[in-house]
Each structure stands twice: as structure tokens, then as C-alpha cells.
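Here's the structure we're looking at; comments come further down.
Quick caveat: nothing in here was measured; it's all calculated off a predicted structure.
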Amino acid sequence: MATFVASHIPHANQTKYPQKSNAIDLWEYTRKVEPAFNCRLHAILLHELMLAEGITNRFVTCLPADTLDSDCHVVNLVWLPEQNKWAMIDSDMQAWISNPEGTPLSLAEMRERYISGSSMQIHPLLDGTKEDFNYDYYRSYWAKNLYWFICWEETGYGKEDSMEGRQITLAPAGFIDPDARPSDVHTTDAERFWAAPNPI
């Protein structure tokens with residue numbers, strides 16, 4: 001499914017933001033308004049497509065330590081029940097990351113490996129891009145965007161349209177989200193943030 005999204009919708013910083021951000025309207029947007037959009041819209045579209053197939057997943061905003069740096073990245077985490085873990089998938093930048101043995105990594109595992117200097121393998125989603133894929137850029141881009149995280153506490157369709165529910169933030173102690181809403185949850189508890197999901 002991520003390959004489908006990656007192959008049909010390139011990355012771009014759209015000039016006109018969609019009026020609605022759900023899978024149906026986002027697909028229509030790429031057919032009638034602009035053919036490409038940013039990582040957040042990629043992740044929302046993929047999130048709802050996977051939910052429709054019964055695949056447990058969520059989309060997570062990954063941010064840098066510098067609050068003046070407005071550049072962040074949004075990707076999907078897919079729950080792998082057979083391995084009892086999350087796996088990161090990036091349809092926008094068209095890649096996923098594994099350990100040297102080929103096991104897909106979660107965002108938490110990626111962050112731990114960056115901190116420890118452990119090796120990781122980058123896998124382009126599209127076969128035709130493997131030779132042209134900028135591995136060094138992708139590796140350095142993740143190095144800055146794994147400091148703190150935000151996602152919806154409960155997943156579902158049309159979350160970005162309704163804005164109903166709470167968002168949960170995982171950040172190191174002492175770090176405050178400057179844009180947090182009063183209803184949002186702020187935690188330093190990584191186990192809570194990355195906990196196994198409830199079944200769909």
C-alpha cells in the first residue's frame with residue numbers, strides 16, 4: 001500500500017492546502033488540483049487506506065530539538081502482530097529502515113540506534129529509485145528529526161478534518177511543545193507513547 005501511494009503521488013510542498021484531509025478527498029486533490037503533496041498528507045492518506053484494509057497503524061510527526069526549525073517529517077507506524085512491534089514506513093520519501101538482519105525498525109528503535117551509533121539499512125520503496133536514492137541525505141534528515149514526537153492518541157478516519165480527540169507528545173524531560181493545546185497529553189514515558197495498540 002505504501003508503494004502504491006509512493007508511486008502515484010510524489011513529494012511536493014503544495015501551493016494550495018487541501019480543504020479536507022481524508023483519503024478520498026486527498027486522492028481527488030491529486031487528480032484535480034495538484035499531483036503531489038507533503039509528508040503529512042502522504043501519511044494521512046496512507047493511514048486511512050491501511051485502516052480500510054484492517055491494518056493497525058498511526059501517523060506520527062517527528063520533530064527536531066530546535067523549536068525554530070519548522071521542518072519536520074511525518075510518517076506511518078504499522079503494527080506487526082507477528083513480531084509484536086511497530087515498523088516505520090515512509091511513503092513520502094519512499095523508504096523504510098531495518099536493522100542489519102532486515103527486521104523493520106520502529107521510530108523508537110531508529111532513535112536508539114542513532115544515539116548508540118548502531119548500524120541501520122535504508123530500503124527504497126520503489127525498485128526504480130534504488131540507484132538514484134540519496135542515502136546520505138535520508139540518513140542525516142532522520143538524525144535531526146527524532147528528538148520528539150506527536151500523534152493522535154486514538155487513530156481513525158478524518159482526524160485532521162474533525163480535530164476531535166487528544167494529541168499525545170513524547171519529548172525529553174524539560175522540553176515543552178510551544179504549540180501544545182490545553183487538551184493535549186505531554187509525556188516523557190516512552191513505553192506509554194509506543195505502547196501496543198488496541199485491535200481494530
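Under the 4.5 Å side-chain heavy-atom criterion for grouping Ile, Leu, Val, Met, Phe, Trp and Tyr, Leu146 is connected to Phe193 within one hydrophobic cluster. Residue Tyr17 is grouped with residue Met163 when hydrophobic side chains (ILVMFWY) are merged at heavy-atom distances under 4.5 angstrom, including chains of intermediate members. Follow the hydrophobic side-chain contacts under 4.5 Å out from Trp194 and you never reach Trp152; the two are in separate clusters. A single hydrophobic cluster is seen to contain both Leu107 and Ile168, as judged by linkage of ILVMFWY side chains at heavy-atom distances under 4.5 Å, directly or through other members.
Under the 4.5 Å side-chain criterion, counting only non-hydrogen atoms from C-beta, Leu45 is in contact with Phe37. Using a 4.5 Å cut-off on side-chain heavy atoms (C-beta onward), Ile44 and Leu26 make contact. A heavy-atom distance below 4.5 Å is found between the side chains of Asn22 and Glu48. When side chains are defined from C-beta on, His73 counts as touching Asp90, because their heavy atoms get closer than 4.5 Å. Under the 4.5 Å side-chain criterion, counting only non-hydrogen atoms from C-beta, Phe59 is not in contact with Leu46. Residues Arg40 and Glu160 have side chains in contact (heavy-atom distance under 4.5 Å, counting atoms from C-beta outward). Side-chain contact between Thr61 and Cys72 is present, with at least one heavy-atom pair separated by less than 4.5 Å. Using a 4.5 Å cut-off on side-chain heavy atoms (C-beta onward), Asp25 and Gln19 make no contact.
Gln121 CD: more than 12 foreign heavy atoms inside a 6.0 Å radius. When the shell of 6.0 Å around CG of Leu126 is examined, it contains more than 12 heavy atoms from other residues, nucleotides or ligands.
Among all heavy-atom pairs drawn from Ala36 and Ala12, the shortest one is CB-CB, 3.5 Å. Among all heavy-atom pairs drawn from Asp177 and His186, the shortest one is N-CE1, 4.0 Å. Contact record, Phe133 with Met93: CE1-O, 3.4 Å, taken as the closest heavy-atom pair. The two residues Trp96 and Leu125 come nearest to each other via the heavy atoms CD1-CD2, 4.0 Å. Tyr135 and Ile122 make their closest contact through CE2-O, 3.6 Å (heavy atoms, listed as atom of the first residue, atom of the second, distance). Shortest non-hydrogen contact noted between Trp86 and Ala195 is NE1-O, 3.4 Å.
For the pair Arg139 and Trp142, the cation does not sit on the ring face, since its NZ or CZ is not both under 6.0 Å from the ring centre and inside 45° of the axis.
The closest side-chain donor-acceptor pair between Gln83 and Thr103, if any, does not fall under 3.5 angstrom. Counted by atom type alone, His11 and Asp92 present one or more donor-acceptor pairs between their side chains at under 3.5 Å. A donor atom on one side chain and an acceptor atom on the other are not found under 3.5 Å apart for Asn38 and Asn13. Using modelled atom types, one finds a donor on one side chain and an acceptor on the other under 3.5 Å when comparing Ser98 with His123. Side-chain atoms of His42 and Ser91 form a donor-acceptor pair, as typed in the model, at a separation below 3.5 Å.
In this structure, Lys85 contributes its side chain and Pro104 its backbone to a donor-acceptor pair below 3.5 Å. Side-chain N or O atoms of Glu34 include none that pairs as donor or acceptor with a backbone N or O of Tyr29 at under 3.5 Å. For Asp161 (side chain) and Lys20 (main-chain N/O), no donor-acceptor pair under 3.5 Å exists by modelled atom type. Side chain of Arg113 to backbone of Ser118: no donor-acceptor contact under 3.5 angstrom is found. In terms of modelled atom types and a separation under 3.5 Å, the side chain of Tyr141 and the main chain of Asp136 share no donor-acceptor contact. Lys159 places a side-chain N or O within 3.5 Å of a backbone atom of Glu164 that can act as its donor or acceptor partner. In this structure, Tyr114 contributes its side chain and Glu109 its backbone to no donor-acceptor pair below 3.5 Å.
Here OG1 of Thr169 is found 10.0 Å from CZ of Arg181. Values are rounded to the nearest 0.5 Å. Put simply, CD on Gln14 and OG1 on Thr30 are 11.5 Å apart, with the number rounded to the nearest 0.5 Å. If you take CD on Gln94 and OG on Ser7, they are separated by 8.5 Å, rounding to the nearest 0.5 Å. Here Ile97 contributes atom CD1 and Asn99 contributes atom CG; the two are 11.5 Å apart, rounded to the nearest 0.5 Å. Going from atom OG of Ser21 over to atom NE2 of His47 covers 12.5 Å, rounded to the nearest 0.5 Å.
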Side chain to side chain contact (heavy atoms under 4.5 Å, CB included) assessment of Leu41 paired with Ile9: CA-CA 10 Å; Leu41 300 179; Ile9 306 172; over 6 Å; no
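Here Leu63 is tied into one hydrophobic group with Tyr147, Trp148, Ile150, Phe175, each link being a pair of ILVMFWY side chains closer than 4.5 Å.
Here Lys144 does not pair with Asp66 in a salt bridge; the nearest charged N to carboxylate O distance is not below 4.0 Å.
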N/O donor-acceptor pairs under 3.5 Å from side chains in residues 74-81, not counting sequence neighbours:
{"residue": "Asn76", "atom": "ND2", "partner": "Ala43", "partner atom": "O", "Å": "3.0"}
{"residue": "Asn76", "atom": "ND2", "partner": "Asn57", "partner atom": "OD1", "Å": "3.4"}

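Under the rule for a salt bridge (charged side-chain N to carboxylate O under 4.0 Å, His left out), the partners of Glu153 that lie at least two apart in sequence or sit in another chain are Arg166, Arg192.
When ring centroids are compared, Phe4 and Trp27 come within the 6.0 Å threshold.
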